[in-house]
Amino acid sequence: MLKIRLMGTKNDIKWFGKLLKRQSRLTVTEFSELYRNKGTNRYYRAYVEVQKANMKQKSK
């Protein structure tokens, strides 16, 4: 599993999130809401968890 922080404009983050979700070799297990970066009104961040598509998810 990987935890990834995405940073960019709202449109860039949404675009990249769609790309990740379309990948057949990846499963997006979590996609956070958008958070505004301090000191700017233009850039945001989001947090994503992905794993290989063929791995079974562990129970918590």
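Keep in mind that what you see is a predicted model, and the values were worked out from it rather than measured. Heavy atoms only: backbone and side chains are in, while hydrogens, waters and symmetry mates are out.
- Side-chain contact between I4 and V50 is present, with heavy atoms from C-beta onward closer than 4.5 Å.
- Looking at L26 and K52, their side chains never come closer than 4.5 Å, going by heavy atoms from C-beta outward.
- Residue F31 places its CZ atom among more than 12 non-hydrogen atoms of other residues, nucleotides or ligands, all under 6.0 Å distant.
- Minimum interatomic distance between A53 and S24 (heavy atoms only, all atoms of both residues): CB-O, 3.2 Å.
- Rounded to the nearest 0.5 angstrom, E30 CD and E49 CD are separated by 4.5 Å.
- Side chain of T27 to backbone of T29: no donor-acceptor contact under 3.5 angstrom is found.
- In terms of modelled atom types and a separation under 3.5 Å, the side chain of R45 and the main chain of L34 share no donor-acceptor contact.
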Please output the side-chain donor-acceptor pairs of residues 5-16 that fall under 3.5 Å, not counting sequence neighbours, one pair per line with the distance.
| residue | atom | partner | partner atom | Å |
| --- | --- | --- | --- | --- |
| T9 | OG1 | D12 | N | 3.2 |
| T9 | OG1 | D12 | OD2 | 3.0 |

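- Take K18 and apply the salt bridge (charged side-chain N to carboxylate O under 4.0 Å, His left out) test, not counting sequence neighbours, and it matches no residue.
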